[in-house]
Number of protein chains: 2
Amino acid sequence: MAPRKQNTQSDKAPALKGVRRSLQVLEYIALNPGRATDVAEGLNVSWATLHRTLSELEQGGFIARDADSNRYSIGPRMWFIGTAYLAEHKMLEAARPYLDAAAEAGDYTVQLVERSGRLAVTLYSYQTAGEVITKSTYGYHFPLHCGSKGQVLLAYSTPADIEEFLAGPLESLTPETVTQPKQLRKTLKEIKSQGYAQTVGDVQQFTGSLSAPVFDRAQQAVGAVCFITKRSAFRDAETLEEILETLLRTAHSTSLALGWRPGA
Amino acid sequence: MAPRKQNTQSDKAPALKGVRRSLQVLEYIALNPGRATDVAEGLNVSWATLHRTLSELEQGGFIARDADSNRYSIGPRMWFIGTAYLAEHKMLEAARPYLDAAAEAGDYTVQLVERSGRLAVTLYSYQTAGEVITKSTYGYHFPLHCGSKGQVLLAYSTPADIEEFLAGPLESLTPETVTQPKQLRKTLKEIKSQGYAQTVGDVQQFTGSLSAPVFDRAQQAVGAVCFITKRSAFRDAETLEEILETLLRTAHSTSLALGWRPGA
DNA sequence: TTCGCTTTATCCGATATACGGATACGCTAT
DNA sequence: ATAGCGTATCCGTATATCGGATAAAGCGAA
């Protein structure tokens, strides 16, 4: 191997290397809990360094190690810190009453999501008790091209942003997931023109979802409201119409509460 | 020659200082979002160092800065990482169906909580839609002596642990919060002998809660199920009895699912 | 059991890296 | 204007961190 490595990133100035690495490790483990060597390999850090990092993180309760298998996963303290994000979240605060009402009104799971990198991240989820929607809770966040929630978020971002996303790897969650950039571009355009997104079976085969964007004072799409329900519901046009109406109303009310004004 | 420090045991051995500090900063901001100087003061770090740390964290999206007020708060990426804790959480997985059922059955908020340091941390919360229970969601975690959930967790920990907790500062959330160690000790004993905890108005004056412990395979109390409802419900003995029954059944089922066996 | 092989733990010197005092800038209030 | 506080940046030095190498511990197979 050539001893010459590096110059991968456009680091101009070396800054807080250890800190950056430790957070990379945390994120890596969040996505991919497992053994130490795998993390080392995945992130290209020398074993000694990684070991030090893991020890430090574990000691603080930021990651947890299963004593038997030596597998690492995210620790309780990270959950504690993470929840503080919601406590300060203005969109969530604005949306909550409307989400409540929507969850009360219908037989579907109601979620509030926002974008984080290449993922649609769920901020809040009102499960319909007794329903089978397994994958839709916290801890499961999907790439933007999967599911109506991600597509809506993507559709309302800048063209440059869309292209950048589409240039990245587009995985399939089910056989029905659309992964051709060309087709996605078309879909995104439609979404933007009709004001909401709808997908069926591209995240889980037995469910489908509808999502509408939420705007803030600056007319920016900052999140989305998403209703998830079982696939069969998507065959009944009347039901669907009703769900859609509630969805749009919920998103609209939330936007208004955030200071958005229609038109512009 | 620098004096050699012992690298053997209980060392103040300098280990990943930057990493540790950055995580302290994150936790501090989680508890106490605000301006940079306050953080510096709160943690006794030199301003220059703190500034570097904050910049690094902000750049990574781990904290967010409000452009106008320069106030820092936890960023979206921390939420993303934190949620991964739940995805791997065995107790939550075991509990979910029972929590679902309980939420369906009654008119109260259903929570699953566990202990983290001096706090009772909420893992999952099924709000009763339309109800007013404001403080009971994520982002609000209470000291162990406040609310039935914390008290139950405390009651089932070791005596040494209890004493250590009681030795720390015991704040009041409402005028009804009990903060005398003596009285708390008595309460804890009662809780342990009756198998559940009940408090009214000590977290919010207009609500009360009932909590029961969850045990794992090793007969350890690893969490608690908590039902929260409005204060008035606590006046009706019959309703209360019914709620209590559901609570105990829910906690019991969860424990069984975790490998706990009655008796021991 | 014994023997390899993979994974985890620890050491240690060189050097790059982060520390923090000092200084400069930019607000807001008076 | 001026004062005062909060924020941003600079730079030399000491020191904390890096990573190769080595040791120990698990794990599976024969």
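Naming: A, B, ... by sequence-line order, numbering from 1 per chain.
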Distance-only check: which donor-acceptor pairs under 3.5 Å involve side-chain atoms of residues 152-160 of chain B, not counting sequence neighbours?
from	atom 1	to	atom 2	distance (Å)
B/Ser157	OG	B/Leu154	O	2.7
B/Thr158	OG1	B/Asp161	N	3.1

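- For A/Ala218, the side-chain contact (heavy atoms from CB on, under 4.5 Å) partners two or more places apart in sequence, or in a different chain, are A/Asp216, A/Gln220.
- Between C/dC19 and B/Ser46, no contact under 4.0 Å exists linking OP1 or OP2 to a side-chain N or O.
- Scored by the side-chain contact (heavy atoms from CB on, under 4.5 Å) test, B/Glu163 finds B/Leu166, B/Arg185 as partners (sequence neighbours excluded).
- For A/Asp66 and D/dG26, the CG to P distance is 15 Å, given to the nearest whole Å.
- A/Ser253 meets the side-chain contact (heavy atoms from CB on, under 4.5 Å) test with A/Tyr98, A/Arg249; sequence neighbours excluded.
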Treat primed atoms plus P, OP1 and OP2 as sugar-phosphate and everything else as base, then score nucleotides 2-9 of chain D 5' to 3': B for base contact with protein heavy atoms under 4.0 Å, S for sugar-phosphate contact only, - for none. ----SBBB
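- The backbone N or O of B/Gly147 sits less than 3.5 Å from a side-chain atom of B/Asp202, completing a donor-acceptor pair.
- Evaluation of the ring pair (Phe, Tyr, Trp, His ring centres under 6.0 Å) rule for B/Phe80 yields A/His141 as partners, not counting sequence neighbours.
- Applying the salt bridge (charged side-chain N to carboxylate O under 4.0 Å, His left out) rule to pairs touching residues 66-90 of chain B yields A/Glu27-B/Arg77, sequence neighbours excluded.
- Formation of a donor-acceptor pair under 3.5 Å by the B/His89 side chain with backbone atoms of B/Ala94 is not found in this model.
- The distance from atom CG of B/Leu50 to atom C1' of C/dG20 is 12 Å, rounded to the nearest whole Å.
- In this structure, A/Glu41 has no salt bridge (Lys or Arg N to Asp or Glu O under 4.0 Å) partners at least two apart in sequence or on a different chain.
- Counting only residues at least two apart or in different chains, ring pair (Phe, Tyr, Trp, His ring centres under 6.0 Å) contacts with residues 22-50 of chain A comprise A/Trp47-A/His51.
- In the helix from C/dT1-D/dA30 to C/dT30-D/dA1, the rotation axis of the first five pairs and that of the last five pairs differ in direction by 50°, rounded to 10 degrees.
- Between the P atom of C/dA18 and the CG atom of B/Leu16 lies a distance of 11 Å, rounded to the nearest Å.
- Look at CZ on A/Arg20: it is 14 Å from C1' on C/dT17, rounded to the nearest Å.
- With sequence neighbours excluded, the residues satisfying side-chain contact (heavy atoms from CB on, under 4.5 Å) with A/Ser255 are A/Val214, A/Phe215, A/Trp260.
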Encode nucleotides 25-30 of chain C as B, S and - characters from 5' to 3', where the letter depends on protein heavy atoms closer than 4.0 Å: B to the base, S only to sugar-phosphate, - to neither. ------
